[in-house]
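The structure under discussion appears below in the form of structure tokens.
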Amino acid sequence: MSLRRGWIWIVLGLGLLAAWAVGARDDRVPAATEVELRQLPREARETLALIRAGGPFPYDKDGTVFGNRERLLPRQLRGYYTEYTVKTPGSRDRGARRIVAGGDPRTSGEYWYTDDHYRSFRRIRE
């Protein structure tokens, strides 16, 4: 193989490595995406209390599996996450606010808040 071809293969290999590194996901969530419980709206704090109590929940979809299709939360097996509606004052439907719980919703301590219908999440820090 000529020296020139060798360099081409090296450059291509480095390019592929760089593309992989950019596309690789670290499942740890940065601290900047956390929110203190006390900073959440009153309705979110009430929803979290209902989750811990095991209900009753005001919406049929509360407690159903959240599929994490957006892949914004750490990857887990299907069924690990469940979602709950956070009431939005003045909204005629469920609105955009949700809490997603990981593991056993009553005890895991792993809760995520979204106010933009799954476009972003902040982990709830208690």
Side-chain angles (χ1 to χ4, degrees):
M1 177 178 349
S2 73
L3 185 57
R4 181 178 170 153
R5 282 189 185 161
W7 278 109
I8 289 172
W9 283 111
I10 290 172
V11 170
L12 284 173
L14 289 173
L16 287 172
L17 182 62
W20 174 82
V22 168
R25 234 185 96 82
D26 183 354
D27 285 337
R28 292 174 296 166
V29 177
T33 60
E34 293 184 348
V35 61
E36 293 279 345
L37 178 62
R38 62 183 168 75
Q39 295 174 308
L40 291 175
R42 176 181 50 81
E43 297 85 4
R45 295 189 306 270
E46 290 170 355
T47 299
L48 188 56
L50 279 178
I51 293 168
R52 287 198 177 118
F57 301 105
Y59 299 93
D60 290 339
K61 297 276 283 179
D62 289 345
T64 60
V65 171
F66 175 72
N68 194 25
R69 284 186 229 78
E70 300 82 2
R71 294 189 172 168
L72 296 176
L73 300 181
R75 291 183 186 179
Q76 295 289 346
L77 294 175
R78 179 156 174 73
Y80 180 79
Y81 293 112
T82 50
E83 68 173 282
Y84 302 85
T85 306
V86 175
K87 289 183 181 178
T88 302
S91 178
R92 294 182 183 200
D93 58 14
R94 290 174 64 210
R97 304 189 305 180
R98 303 282 188 280
I99 289 177
V100 173
D104 180 343
R106 294 175 78 176
T107 61
S108 73
E110 183 179 352
Y111 304 105
W112 305 84
Y113 177 71
T114 178
D115 58 7
D116 57 13
H117 203 256
Y118 317 123
R119 281 186 253 140
S120 66
F121 287 93
R122 293 180 282 166
R123 184 157 185 177
I124 300 172
R125 191 172 62 220
E126 303 178 70

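Because the structure is a prediction, the values reported are computed rather than measured. Just so you know, these numbers use all the heavy atoms, side chains as well, and skip hydrogens, waters and symmetry mates.
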Looking at side-chain heavy atoms only, is the closest gap between L73 and F66 below 4.5 Å? yes
In short, L72 meets Y118 closest at the heavy-atom pair CD1-O, 3.4 Å
For P89 and R97, work out which heavy atoms get closest and say how close. CD-NH2, 3.4 Å
Nearest non-hydrogen partners of G102 and Y80, listed with the distance: CA-CE2, 3.5 Å
Is the count of non-hydrogen atoms from other residues, nucleotides or ligands lying under 6.0 Å from D60 atom CG greater than 12? no
Less than 4.0 angstrom from a charged side-chain N to a carboxylate O is my criterion; do R123 and E34 meet it? no
Spacing of OH belonging to Y59 relative to CZ belonging to R98, to within rounding of 0.5 Å: 8.5 Å
How close do R94 and T88 get, counting heavy atoms only, and between which atoms? O-OG1, 4.3 Å
Between R122 and D115, the two heavy atoms sitting closest are NH2-OD2, 3.7 Å
Output for pair (D104 CG, E110 CD), nearest 0.5 Å, gives 11.5 Å
L48 CG to I124 CD1 distance, which is reported to the nearest 0.5 Å: 5.5 Å
Calculate, to the nearest 0.5 Å, the distance between atoms OH and CG belonging to Y111 and L40 respectively. 13.0 Å
With a 4.5 Å limit on heavy-atom distance, are the side chains of T82 and T64 in contact? no
At their closest point, which heavy atom of V86 faces which heavy atom of T47, and how far apart are they? CA-OG1, 3.7 Å
Any side-chain heavy-atom pair from L50 and P58 closer than 4.5 angstrom? yes
If we count only N and O atoms by modelled type, under 3.5 Å, do the side chains of Q39 and Y113 hold a donor and an acceptor together? no
Check: Y81 ring centroid to F121 ring centroid under 6.0 Å: no
K87 bridged to E43 by N-O distance under 4.0 Å: no
Is the shortest side-chain heavy-atom distance between L37 and R45 below 4.5 Å? yes
Candidate pair R78 and V65, rule side chain to side chain contact (heavy atoms under 4.5 Å, CB included), full reasoning: CA-CA 8 Å; R78 179 156 174 73; V65 171; 3.6 Å; yes
Would you mind reporting whether R106 and I51 have side-chain heavy atoms less than 4.5 Å apart? no
